[in-house]
**Q** 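Pasting a structure below so you can have a look.
Sequence lines set the chain letters: A, B, ... in the order given, protein chains first and strands last, and positions in each chain run from 1.
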Amino acid sequence: MPQVCDNIISTLAPCLTQSGMNPDVAQFISILLGVVLVASFPLLLVIFLIWVERKIAARVQDRLGPNRVGPFGLFQNIADAVKLIIKEDITPAGADRLIYNLAPIVAMLSVILIWAVVPFTPYNIGADLDIGVLYFVAISSIGTLAIMMAGWSSNNKYALLGAFRVVAQLVSYEVPMVLALLVPVMLASSMSMQDIAFAQLGMWFIVLTPVSAFIFYVSNLAETGRAPFDLIEAESELVAGYNIEYSGMKFGLFMANEFMHAFTANLLFAVLFMGAWAGPGATSLPILGFIYLMIKTAIVYIPSLILRATVPRVRIDQMMAFNWKFLVPVSIVNVIVMAFVLKLVQVLGLAPSPENASDFLANIPQAAALLLGNVVVIAAAMALIRGSVRKERLSEAAKLAQRVQVEGDKEALPATVAQH
Amino acid sequence: MLELNVSTLVFFIFAVLSIGGALGVVISRNLIHGALFLIVSLFGGAGLFVLLAAPFMAAVQVLVYIGAIAILIIFAVMLTRSMTNIREIFNRQWWISAVAAVILLAVLVVGVVLPIWGPNGTQSEMVLSETTATVQDLGVALVDGNQYVLPFEVASLLLTAAMVGAIVIARDNE
């Protein structure tokens with residue numbers, strides 16, 4: 001359909017064509033502008049996010065946080081960014097220059113590219129891919145690569161150790177994350193982000209499947225390397241982890257990337273489980289949808305910040321055991337149970353028909369059935385935890401009892417041993 | 001003759017990435033660089049899948065090959081002792097790979113190049129397949145009794161067996 005040049009804002013490509021430009025090139029330029037717009041938004045947002053995070057962490061720790069530059073210290077991070085840019089840019093002597101310089105760029109890329117499939121409003125999405133969810137998983141796996149590149153090329157043992165931990169952590173936690181993502185895909189019967197958003201008009205998926213929402217949230221915390229899973233840059237053990245040798249704006253990129261990744265992960269949580277832009281009036285006034293999305297993201301993002309400022313870091317073996325012995329089995333069982341219940345609901349005719357899929361009341365029977373399935377999964381998971389914790393406690397007690405026998409160390413006998 | 005439009009241009013970019021990356025893998029003296037060139041090459045391949053309107057294949061290429069296999073390769077390389085400044089150009093198996101490469105080239109020439117650009121070729125205008133498959137078609141094909149459900153299940157069983165085997169090997173003898 002040949003478009004007419006109306007004004008330069010809404011019909012840029014036809015206007016460029018009219019002024020004598022090749023139509024292909026004009027199309028390319030207008031797409032490029034869209035890409036620049038979507039990609040710049042997170043970059044600007046991150047300045048604000050760092051301020052939010054510092055303020056909240058400060059409040060949790062009974063401090064004031066940044067309060068000197070601008071109102072409430074809002075411009076502190078702009079000052080910090082300027083400082084980072086004018087700082088000396090050091091490359092260590094033994095570093096692999098090309099990879100060392102490439103790593104922050106790849107890290108940034110792996111987060112910004114995710115924004116391409118985020119449905120901001122019912123009509124505005126970077127690219128409504130058929131494979132949106134898979135695209136997200138694929139792109140976030142590149143982040144692992146960036147951290148490996150940074151860790152290896154720095155020629156520093158702490159950086160390399162940090163990089164090794166990344167592989168263990170990020171690759172492991174990708175498994176429950178992908179399995180948790182399968183459930184929204186099944187519920188919406190589509191991998192497109194926009195279809196998933198539309199499928200939640202009647203009922204948010206967090207109501208239908210709280211277990212996968214929980215697994216996705218926890219594995220996202222680990223994927224973004226946030227406390228309690230911040231072993232990637234455990235300051236007490238690795239000094240700073242993979243980015244120890246980076247200085248100036250290259251370090252700034254890694255730091256901005258971490259904040260942006262955390263926000264993006266929560267944004268995706270809001271999209272996949274909390275209905276993205278869905279809310280009153282979102283279809284008639286798209287900007288409202290964008291505001292709803294940001295509010296929903298904040299609702300899940302701010303608890304993760306408080307969590308970060310509150311909980312201690314877990315040990316690496318605890319982290320791996322939690323993933324492989326708890327999250328992975330639970331998420332596999334969850335996928336099977338959800339698939340079974342979903343089919344059962346369809347066979348019994350409890351599922352809402354396509355016409356009234358966005359009606360809240362029509363969704364209630366299906367939601368009830370799915371919730372029941374979730375309760376079964378939760379009960380099984382609790383039993384699993386209970387069993388393993390009990391076993392651990394018994395083995396600790398047995399060890400202590402043995403020590404008491406060998407050394408005659410009666411004082412080491414705590415109350416727990418006496419109980420068993 | 002080739003028409004120079006955007007998709008041709010993009011094709012050339014991805015082709016250069018793909019072939020250049022592959023060349024880098026074999027000629028680089030640093031194993032980590034080699035592994036990273038492999039990623040460049042695989043990324044080029046993913047781009048070509050997008051151009052062929054197969055986004056699912058592209059995403060799987062990035063996820064499985066770059067996100068999992070290439071990272072495992074890098075991890076393994078990091079644990080090897082001498083990974084930089086490799087002096088040997090050939091190892092003992094060079095002739096096997098040479099034979100394999102020649103056979104592969106012959107297959108490609110006979111199977112792809114000659115039928116299209118050969119003397120009795122169909123030229124490049126011919127559409128090879130009328131089907132445009134969506135992700136849904138792919139999903140249905142994998143679980144449809146008349147299509148690929150058996151190979152799919154066999155592959156799943158094989159992967160499960162491999163996983164169980166890996167766990168058994170990795171575990172301590174208790």
Side-chain angles (χ1 to χ4, degrees), chain A residues 22-29 31 94 96 98-99 102-103 106 109-110 113 117 127-149 151-153 155 160-161 163-168 170-171 174-175 178 185-186 189-192 195 324 328 332, chain B residues 3-10 24 28 30-33 35-40 42-43 46 49-50 53-79 83-85 132-140 143 160 163 167 170-171:
Chain A
N22 181 326
D24 274 351
V25 178
Q27 189 68 25
F28 177 75
I29 287 179
I31 292 174
D96 193 314
L98 180 70
I99 302 178
L102 215 57
V106 176
L109 193 96
S110 72
L113 278 179
V117 292
D128 189 13
L129 298 179
D130 270 353
I131 48 149
V133 173
L134 194 67
Y135 170 88
F136 158 63
V137 178
I139 292 300
S140 44
S141 70
I142 295 179
T144 321
L145 179 71
I147 296 177
M148 292 272 280
M149 284 163 72
W152 180 78
S153 66
N155 195 26
L160 193 59
L161 274 176
F164 281 154
R165 285 187 174 189
V166 169
V167 178
L170 301 198
V171 173
E174 224 165 67
V175 177
V178 172
V185 170
M186 281 194 310
S189 58
S190 167
M191 282 199 284
S192 144
D195 287 354
W324 291 110
V328 172
I332 291 175
Chain B
E3 205 182 327
L4 198 71
N5 54 20
V6 175
S7 68
T8 322
L9 198 71
V10 174
S28 99
N30 183 326
L31 278 181
I32 290 272
H33 286 181
L36 290 173
F37 272 123
L38 180 66
I39 288 171
V40 172
L42 292 169
F43 191 77
F49 277 127
V50 172
F56 182 82
M57 297 305 288
V60 168
Q61 169 104 345
V62 172
L63 177 62
V64 174
Y65 283 93
I66 298 179
I69 293 179
I71 286 185
L72 270 188
I73 290 177
I74 293 181
F75 199 57
V77 167
M78 279 181 177
L79 293 173
M83 57 184 170
T84 52
N85 218 359
T132 45
T134 62
V135 181
Q136 262 113 3
D137 295 334
L138 184 72
V140 169
V143 290
T160 313
M163 197 171 75
I167 293 171
R171 190 188 165 120

**Q** Mind checking what makes ring-ring contact (aromatic ring centres under 6.0 Å, His included) contact with A:Phe164, not counting sequence neighbours?
**A** B:Phe75
**Q** With sequence neighbours left out, what residues match B:Val60 under side chain to side chain contact (heavy atoms under 4.5 Å, CB included)?
**A** A:Leu134, B:Phe56, B:Val64
**Q** Over all heavy atoms of both residues, which pair between A:Ser141 and B:Gly67 is shortest? Give the atoms and the distance, please.
**A** OG-CA, 3.4 Å
**Q** Select one option (side chain, backbone, both, neither) describing which atoms of A:Leu98 are under 4.5 Å from chain B's heavy atoms.
**A** neither
**Q** Does the side chain of A:Ile99 come within less than 4.5 Å of B:His33's, by heavy atoms?
**A** yes
**Q** With side chain to side chain contact (heavy atoms under 4.5 Å, CB included) as the criterion, how do A:Val178 and B:Leu63 come out once you've worked through the C-alpha distance, each side chain's angles and the decisive distance to 0.1 Å?
**A** CA-CA 11 Å; A:Val178 172; B:Leu63 177 62; 5.9 Å; no
**Q** Report the C-alpha distance between A:Met149 and B:Ile74 in whole Å, list the side-chain angles of each, state the deciding distance to 0.1 Å, and finish with yes or no for side chain to side chain contact (heavy atoms under 4.5 Å, CB included).
**A** CA-CA 9 Å; A:Met149 284 163 72; B:Ile74 293 181; 5.8 Å; no
**Q** Looking at every heavy atom in both A:Ile131 and B:Ala59, which two are closest together, and how far apart are they?
**A** CD1-CB, 3.6 Å
**Q** Show, in sequence, the C-alpha distance, side-chain angles and deciding distance for A:Leu145 and B:Leu36, and conclude whether the side chain to side chain contact (heavy atoms under 4.5 Å, CB included) test is met.
**A** CA-CA 9 Å; A:Leu145 179 71; B:Leu36 290 173; 4.2 Å; yes
**Q** Which heavy atom in B:Ile71 sits nearest to a heavy atom in A:Met148, and how many Å separate them?
**A** O-CE, 4.0 Å
